[in-house]
Each structure stands twice: as C-alpha cells, then as structure tokens.
2 protein chains.
Amino acid sequence: MEETKFIINGNEYLPLRDVVFNTLRDAILTGKLIPGERLMENQLADKLGVSRTPVREALRMLALENLVELVPRKGAQVLDMSEKDIINILEVRDALESLATSIACKKMSKEMLQQLKLVEAEFEQAIEVNDLERIIQLDEDFHDLILESTENDKLSHIYQNLRIQLYRYRMAHLKVDSSIPAIIAHHRGILRAIENHDAEEGATVAHGHIKYHTEFILRSIHNK
Amino acid sequence: MEETKFIINGNEYLPLRDVVFNTLRDAILTGKLIPGERLMENQLADKLGVSRTPVREALRMLALENLVELVPRKGAQVLDMSEKDIINILEVRDALESLATSIACKKMSKEMLQQLKLVEAEFEQAIEVNDLERIIQLDEDFHDLILESTENDKLSHIYQNLRIQLYRYRMAHLKVDSSIPAIIAHHRGILRAIENHDAEEGATVAHGHIKYHTEFILRSIHNK
DNA sequence: AGATAAAACAATGTATACAGTATTATTAAG
DNA sequence: CTTAATAATACTGTATACATTGTTTTATCT
C-alpha cells in the first residue's frame, strides 16, 4: 500500500447550482424571500460567493418547480400564488392522493403497513406533547410511506412538487389545534382501509382528508 | 415621424435557450435522437451554431421535462423509458384525465361544448378519409378542450407534461385501425356525460378510455 | 501477453467578459 | 410644473476562457 486517497464517501460532491438551488428554495419556503421579490443574478451571486452561472441554472430549476417566475430579459421573481392557484393545486393533489391511497390499499406490504402504524403512533404521541415540528414531520412521513408503497416514481415526483408549492401554507394547517382530531381520524381511516385492502374506501377517506385540508388552508388565507 | 423601428409584433423574440430547447425536444420526440444517446454540450453547440451556455440551459429544461437524464460531471443522455415508467405515467394520467373530465362535466360552458362536438365531428370525418396526421391532431384537440374547461392551469400543465413523455408511443396507438371504433365510443360517451353534467359518468368513461389506451400502448411495445 | 500506472485527452463545472435591452434618471421643451 | 426625449445605468443574454474531473490511450512492468 503506497498511497491511499482519503475518500470519505462515494458521493458527497454537489454541484454549485444545486447548492444555490437548495439555498434559494429554502429561503423561499421559509419566507426569507417573499413573493414578488426580485431575484437578481449578480446580487445573489455576490451574496452566495459564486458566479452568475450556477445562480442562473438554479433560478431555472426553481422556475420549473413553480417557485420562481422567469420573464425573458426582465428577470426572476419569487412567485406569488393566488387563491385560485392554491385551489387548483389542491384539486390535483386530491386526485393524486386518492390514487396513491387506493394503490397502497392494493399492494402495500405487511412490513410497510407495520411501519406506517408506527409512524401514526408516533404522530399521535407528538400531538400529546404538542411538538409542532415533529407533528409536521411525521405527517409528512405518513404520506411519504403511502407514496412509496405505490412504487410509482412519476406519481411521487409530481406529488412532492405539489407539496413543495404548498409548503408555505403548511404551518397554518397543523398549527390550529381544532384540526388535529379530524386528521387523526383520517389517518386511522386510511390505515384501516390499507389493512383491509379496500381500495375504494382508501380513496374515499383520502379524498375527505384533502378536502378537509383544503378548507383549512383557504380559511387560514382569508383570515390573514 | 422621424424614425420608426420595425417592430412586427409585440413579442416575437425567443431566447436562444428556448430555440435550442424546442429543437432538441422535437428531435427527441420524433426519434431523431434515440433513447440512450449521449448529448454533448460542445457538439450540440457547434451543430446548432450557438455557444454552450444556451445548450446547457436547454438540457436542464429537458431534464425537468423528463426527456433527458443528467448525471453530474458525466453528461446528458436521452432518457430511455422502461415499460414500468410507461405504466406509471399512464396510471397518473388516468387519475388526471378522470379528474379533468369530471370537472368538465360540472362546468364546461355551452359554447365550449359546442366546440367540442365540432372537434369530434371533424375527428370522425378524418377517420373516414384515413388522414392519420389529422386524426392525431383532433384527438389531441379534444382532450385539450376538456383540460381547458377545467380552468386549472396546474392540472393542464402536469397533464401536458405526461403527454409529452408518452409522445414517442403515441403513433402506435391510433395507427391500429381496430382501436378506432372504441375511441369513438369513448369520445361520444364523454360528450354525453358533459352534456348531462354527469361528473361521475364522465370520470368512469375517461377511466375506461385511458385503460384502453394503456393496454394498446403496452401491446404495441411488446410486439416490437 | 496481460495488467497496472501514468499521461494525454475530452467533457462538464465555473467564472468572466462582452453585447444587447429595459429601466431609471436627467434634461429640455411646452 | 408636467411631459417627452435622451442619456446613463443596471440587468439579462450569450460567448468564451479556465479549472476540474472522468475517460481513454499508451507505456511500462511482471
């Protein structure tokens, strides 16, 4: 052994465009960059300590995630969503969540169902101790598991994208205590449907879940 | 009037990246670029007479349309779809087509329905004279009108993207004469459901339509 | 001859420079 | 003082140059 290179991990390299992309996306989703705000390439490049090239590419990625609006020769700005947009997204999400749940009812493995039950238990536990961060995370995990069980990458990808777009309105949902019991009921209903391999029932419950979610988000927007 | 600039139209400017994007997309969809083929930035730039910059941006756009695969530091290649991918896409498309049709049943205007009937009439006429190009175009128009009536841009956008991905397998569908009668029956069923504002019926017929379509595409792949 | 290492090459990643166009500020005219 | 024209500025669009990495070829050793 003459010389060994210190390769910690096979793949810890990330192109700058992805770093910039992640940074900007995070800033948008957490509200550090507000809707309508202009995003200038030079300015961002300076602030992030990179050149314009990766910034440009990151902006284009964000545009295709529907987080940024790009007008040729004018520039980019953080996309502002109208109520109509939100309704539209939820309409699609409804159909996809129903689809995912009904597929899950058909082909989720026993092991995965076990895991799902575990997540649900932790979810309800997190509610007991009022750990908001954890509640949100586990709710996401719950839906992720269902998506994963569909073994449909396209479906997962589209769904995730819709979720990202609604991310900014996510807090408003679970923050309100009164919505919690309904959500638990929905989750349990979905679990039951999966356990019984009842695809129709699963789709119905999922539909109700999103409908409930929709009304909540809309209400929270109106109260702003 | 001292000097007038010749601005033919308010907006006929297209960034080079979009020109490249359109060119490459067309080449992929029509099979001039085959799945698995490597796409090298320099080579493409030379061939198209532009620099690498717009080519890079176009490639990234294609990647987010799922037509090209991008591996960091390795390069781009035309994405090859597995049968599993096609099934997955059709699974999602099924849900979205059903959604779109049921919405159309609820809120398509009289004028639009009239237009839809017109398209269907022309469609059946094109079949009579066996004008394949026109048949395909009118089938697309039919579905586009339904999408438009949903007044849901997000839904339309996602659906179009799925369609693009299946574009390469589109011919195989309508080319086969025996499938035509079923398609006509489906279209007429959808028309009837819209006319009766029967959302449930619309979703059901749409579902059957896509299911039929799915089987056809799969069969044509297997016979290759 | 086969395998391994080194070097040459080719492609992507990133930065920068220049060109063209919107926008803003400034100045002149009414 | 308002408005229109013009100049200045700031931004995006595109090209190119350099850096880094992955791949292939060639040479050397067993």
Side-chain angles (χ1 to χ4, degrees), chain A residues 1-25 28 33 36-64 67-79, chain B residues 1-25 27-28 33-34 36-64 67-79:
Chain A
M1 193 216 300
E2 299 169 32
E3 199 177 283
T4 310
K5 284 224 176 110
F6 290 98
I7 297 169
I8 317 273
N9 200 328
N11 236 6
E12 58 170 351
Y13 160 79
L14 243 190
L16 276 184
R17 59 168 172 275
D18 291 321
V19 176
V20 175
F21 173 76
N22 289 333
T23 306
L24 290 180
R25 183 162 80 165
I28 292 173
L33 291 170
E37 189 163 346
R38 266 194 85 181
L39 299 171
M40 281 168 296
E41 298 172 1
N42 261 321
Q43 182 188 309
L44 291 172
D46 287 350
K47 190 172 279 181
L48 299 172
V50 299
S51 79
R52 271 179 61 209
T53 309
V55 172
R56 276 181 75 80
E57 297 187 344
L59 285 177
R60 272 156 221 303
M61 290 163 81
L62 289 166
L64 288 164
L67 293 176
V68 155
E69 195 182 4
L70 241 54
V71 182
R73 281 182 168 153
K74 287 280 188 71
Q77 61 177 48
V78 180
L79 194 63
Chain B
M1 195 215 302
E2 298 170 33
E3 200 179 282
T4 310
K5 284 221 176 119
F6 290 98
I7 297 169
I8 316 273
N9 199 328
N11 235 6
E12 57 170 352
Y13 162 81
L14 243 189
L16 276 185
R17 59 167 172 275
D18 291 322
V19 176
V20 175
F21 173 75
N22 289 333
T23 306
L24 291 180
R25 182 162 82 165
I28 292 172
L33 290 171
I34 59 174
E37 189 165 346
R38 265 192 88 181
L39 298 172
M40 280 167 295
E41 297 172 2
N42 263 320
Q43 182 188 306
L44 291 171
D46 288 350
K47 190 173 279 182
L48 299 172
V50 298
S51 80
R52 269 180 63 209
T53 308
V55 172
R56 275 181 75 80
E57 298 189 344
L59 286 177
R60 274 158 218 299
M61 291 163 79
L62 289 166
L64 288 165
L67 292 176
V68 154
E69 195 182 2
L70 240 53
V71 182
R73 283 184 166 149
K74 287 282 189 70
Q77 60 177 49
V78 181
L79 193 63

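Bear in mind the structure is a predicted one, so any value in this text is a computation, not a measurement. Naming: A, B, ... by sequence-line order, numbering from 1 per chain.
Applying the side chain to side chain donor-acceptor pair (under 3.5 Å) criterion to A/Arg25, with sequence neighbours excluded, gives A/Glu65.
Residue B/Arg17 places at least one side-chain N or O under 4.0 Å from the OP1 or OP2 atom of D/dG13. Remark: B/Ser51 is in phosphate contact with D/dA15, judged by side-chain N or O atoms under 4.0 Å from OP1 or OP2. Taking side-chain N and O atoms only, A/Arg52 has no distance below 4.0 Å to OP1 or OP2 of D/dT12. Taking only side-chain nitrogens and oxygens, B/Arg60 never comes nearer than 4.0 Å to OP1 or OP2 of C/dT12. Between B/Lys74 and the phosphate of D/dT23, there is a side-chain N or O to OP1/OP2 separation shorter than 4.0 Å.
Nearest nucleotide to the A/Pro15 side chain, out of C/dA11, D/dG13, C/dT14: C/dT14.
Closest of all the heavy-atom pairs between B/Phe21 and B/Ala58 is N-CB, 3.6 Å. The two residues B/Leu33 and B/Leu39 have their closest heavy-atom pair at CD1-CD2, 3.9 Å.
Looking at heavy-atom distances under 4.0 Å, B/Leu39 makes contact with sugar-phosphate atoms alone, never a base.
If A/Arg73 and A/Pro54 are placed on DNA chain C by their nearest nucleotide, the residue sitting closer to the 5' end is A/Pro54. Toward the 5' end of DNA chain D, the nearer of the two residues B/Pro72 and A/Gln43, judged by each one's closest nucleotide, is A/Gln43.
Using a 4.5 Å cut-off on side-chain heavy atoms (C-beta onward), A/Leu16 and A/Glu57 make no contact. Between B/Arg38 and B/Gln43 there is no side-chain heavy-atom pair separated by less than 4.5 Å.
The separation between A/Glu41 atom CD and C/dT21 atom C1' is 14 Å, rounded to whole Å. Distance A/Asp18 CG to C/dT14 C1': 14 Å, rounded to the nearest Å. The separation between A/Tyr13 atom OH and C/dT12 atom P is 12 Å, rounded to whole Å. In this structure, the CG atom of A/Leu70 is 16 Å from the P atom of D/dC11, given to the nearest Å. Counting to the nearest Å, the P atom of C/dG20 and the CG atom of B/Leu16 are 13 Å from each other. A/Glu57 has its CD atom 15 Å from the P atom of D/dT12, to the nearest Å. Distance, B/Met40 CE to C/dT12 C1': 12 Å, rounded to whole Å. Summarising the geometry, the separation between CG on B/Leu44 and P on C/dA11 is reported as 11 Å, rounded to the nearest angstrom.
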